[in-house]
Amino acid sequence: MSNLTKVSYQAKAKLYFAFDNKIRKMNTVVKIDPLSSVSDIVKNDYRTAEVFRKHGIEYCCAGKWPLQMILESKDLDAAAIIEELELSIHPVGRSHSLPFEKWDIDFLIDYIINIHHAYLKKALPDTKEQLEKFAEGHYKKYPELRELVLVFKNLTLEMLPHMQHEEDIIFPYIRQISHAFHNKESYASLLVRTLRKPVENVMHHEHESVNKVLAQMRQLTNSYTPPEHSCTNHRVLFLKLLEIDTDLAQHMHLENVILFPRSIEMEKKLLFL
């Protein structure tokens with residue numbers, strides 16, 4: 001991997017950490033005031049929107065009534081909903097100095113699958129559905145949404161099978177060569193020659209395709225900046241897109257700067273045994 005490519009992924013990782021800092025600041029107060037309007041609650045922290053959607057509570061243009069009044073009118077358990085809302089914005093600590101590059105390969109792969117893949121498998125289809133619903137009623141005012149919907153659909157269609165391919169083919173292969181390498185197995189060289197997988201292709205070509213899609217999304221959304229006077233739903237969607245972008249930045253940094261280069265280096269050493 002060239003130094004320029006490394007710098008590129010490191011820059012994207014910084015974007016992720018900057019977003020993480022923003023979330024931490026949002027989490028300085030985690031108590032939900034039942035007298036606040038639903039719309040204000042979402043404006044204060046967009047992650048509460050998912051809870052409101054789950055319970056069929058409008059939080060955009062019709063969300064100007066106090067939460068307590070809305071919950072009573074719908075005969076919903078106020079204490080349970082408020083607890084759910086507070087959990088949705090509860091701070092989750094994550095150190096910026098985690099020594100990813102020193103982690104055992106099995107642990108690093110488990111982290112990527114259980115943190116990043118698990119998140120994207122839910123966030124991508126859910127956000128695609130919300131974006132399509134929102135865009136359907138706002139194409140005339142925001143014609144760029146039409147292209148944004150298509151671009152995000154492409155990202156979803158590309159990432160879901162890509163992650164499954166990693167979990168079914170690429171990651172098991174990396175685990176195998178890592179075990180053979182570190183245990184100095186006699187069959188290690190033969191293992192690479194007979195079972196070699198396209199790790200470099202995933203690193204350079206498939207991830208580059210994802211980067212191009214993300215660049216399109218940033219351009220179409222003005223780096224996820226909602227238009228002036230846009231509604232709450234519009235702002236929630238753009239913040240969710242930013243969340244997905246920054247997660248992907250960290251995700252690809254872990255794979256392209258740490259996991260895959262380590263795997264390729266082991267391959268090269270094993271081939272010369």
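If you're wondering where the values come from, they're calculated on a predicted model, not measured in any experiment.
Donor-acceptor pairing under 3.5 Å is lacking for the side chains of T48 and D45. For the 3.5 Å distance criterion, the side chains of E166 and H117 qualify, holding a donor opposite an acceptor. Donor-acceptor pairing under 3.5 Å is lacking for the side chains of E255 and H116. A donor and an acceptor atom, one from each side chain of S88 and E50, are nowhere located under 3.5 Å apart. Using modelled atom types, one finds no donor on one side chain facing an acceptor on the other under 3.5 Å when comparing Y139 with E144. Under the 3.5 Å distance criterion, with hydrogens and angles disregarded, no donor-acceptor pair is assigned to the side chains of H138 and N233.
Distance check, rounded to the nearest 0.5 Å: CD1 of I177 to NE2 of H182 gives 10.0 Å. Atoms CD and CG, from E101 and L259 in turn, are 13.0 Å apart once rounded to the nearest 0.5 Å. In this structure, OG in S263 is found 12.0 Å from CD in Q176, a value given to the nearest 0.5 Å. Summarising the geometry, atom CG belonging to D33 is positioned 12.0 Å from atom CG belonging to L85; distances are rounded to the nearest 0.5 Å. In this structure, CG on L237 lies 7.5 Å from NE2 on H234, to the nearest 0.5 angstrom. Rounding to the nearest 0.5 angstrom, the gap separating the OG1 atom in T127 from the NZ atom in K122 is 8.5 Å.
The environment of CD in E136 is sparse: at most 12 heavy-atom neighbours from other residues, nucleotides or ligands sit within 6.0 Å. Summarising the local packing, CD of Q164 is surrounded by more than 12 heavy atoms from other residues, nucleotides or ligands at distances under 6.0 Å. For E147, the CD atom is loosely surrounded, since the number of other residues' heavy atoms within 6.0 Å does not exceed 12.
The shortest heavy-atom contact between K121 and L160 is CA-CD2, 4.0 Å. Summarising the geometry of S209 relative to E158, their closest heavy-atom pair is OG-OE2, 2.5 Å, with the distance given to 0.1 Å. Annotation for R235 and S230: closest pair NE-O, 3.3 Å, computed over non-hydrogen atoms.
A 4.5 Å side-chain heavy-atom check between C60 and C231 finds at least one atom pair inside the cut-off. Between E84 and K54 the shortest side-chain heavy-atom distance falls below 4.5 Å. H251 has its side chain out of reach of Y119: every pair of non-hydrogen atoms, C-beta onward, lies at least 4.5 Å apart. Inter-residue side-chain proximity for F100 and Y111 is flagged as met; some heavy-atom pair is nearer than 4.5 Å. Looking at heavy atoms from C-beta onward, V38 lies out of side-chain contact with W65 at the 4.5 angstrom threshold. For the pair R53 and Q130, the minimum side-chain heavy-atom distance is below 4.5 Å. Put simply, the side chain of D247 reaches to within 4.5 Å of the side chain of L120, judged on heavy atoms. For the pair F134 and V236, the minimum side-chain heavy-atom distance is 4.5 Å or more.
Follow the hydrophobic side-chain contacts under 4.5 Å out from L76 and you reach F52 in the same cluster. One hydrophobic cluster, built from ILVMFWY side chains closer than 4.5 Å, cannot hold both I70 and L35; they sit in different ones. When hydrophobic clusters are built by joining Ile, Leu, Val, Met, Phe, Trp and Tyr residues whose side-chain heavy atoms come closer than 4.5 Å, directly or via intermediates, L157 is not grouped with L248. Linking Ile, Leu, Val, Met, Phe, Trp and Tyr residues whenever their side-chain heavy atoms come within less than 4.5 Å leaves L150 and L148 in two separate clusters. A single hydrophobic cluster is seen to contain both F260 and F107, as judged by linkage of ILVMFWY side chains at heavy-atom distances under 4.5 Å, directly or through other members.
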Tell me, with the steps shown, if I105 and M266 meet side-chain contact (heavy atoms from CB on, under 4.5 Å). CA-CA 12 Å; I105 275 188; M266 283 190 293; 3.3 Å; yes

Just do the side-chain contact (heavy atoms from CB on, under 4.5 Å) check on S37 and D40 with the steps written out, would you? CA-CA 5 Å; S37 72; D40 283 343; 3.2 Å; yes

Assess whether side-chain contact (heavy atoms from CB on, under 4.5 Å) is satisfied between Y59 and I41, documenting all intermediate values. CA-CA 9 Å; Y59 57 81; I41 290 170; over 6 Å; no

Show your reasoning for whether salt bridge (charged side-chain N to carboxylate O under 4.0 Å, His left out) applies to E132 and K128. CA-CA 6 Å; E132 288 171 347; K128 174 179 169 292; 3.1 Å; yes

Where do V51 and I57 land on the side-chain contact (heavy atoms from CB on, under 4.5 Å) test, with the steps shown first? CA-CA 9 Å; V51 177; I57 298 171; over 6 Å; no

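Remark: Y224 engages no residue in a ring pair (Phe, Tyr, Trp, His ring centres under 6.0 Å) (not counting sequence neighbours).
Using modelled atom types, no side-chain atom of D245 and backbone atom of L241 make a donor-acceptor pair closer than 3.5 Å. Of the possible donor and acceptor atoms, none in the side chain of N222 sits under 3.5 Å from a partner among the backbone N and O of T225. With hydrogens and angles disregarded, no donor-acceptor distance shorter than 3.5 Å links the side chain of K269 to the backbone of F181. Checked by atom type and distance alone, the side chain of S178 never pairs as donor or acceptor with a backbone atom of I174 at under 3.5 Å.
Between R175 and D110 there is a salt bridge, with a side-chain nitrogen of the basic residue lying less than 4.0 Å from a carboxylate oxygen of the acidic one. Note on K133 versus E129: salt bridge recorded, some NZ/NE/NH1/NH2 to OD/OE distance being below 4.0 Å.
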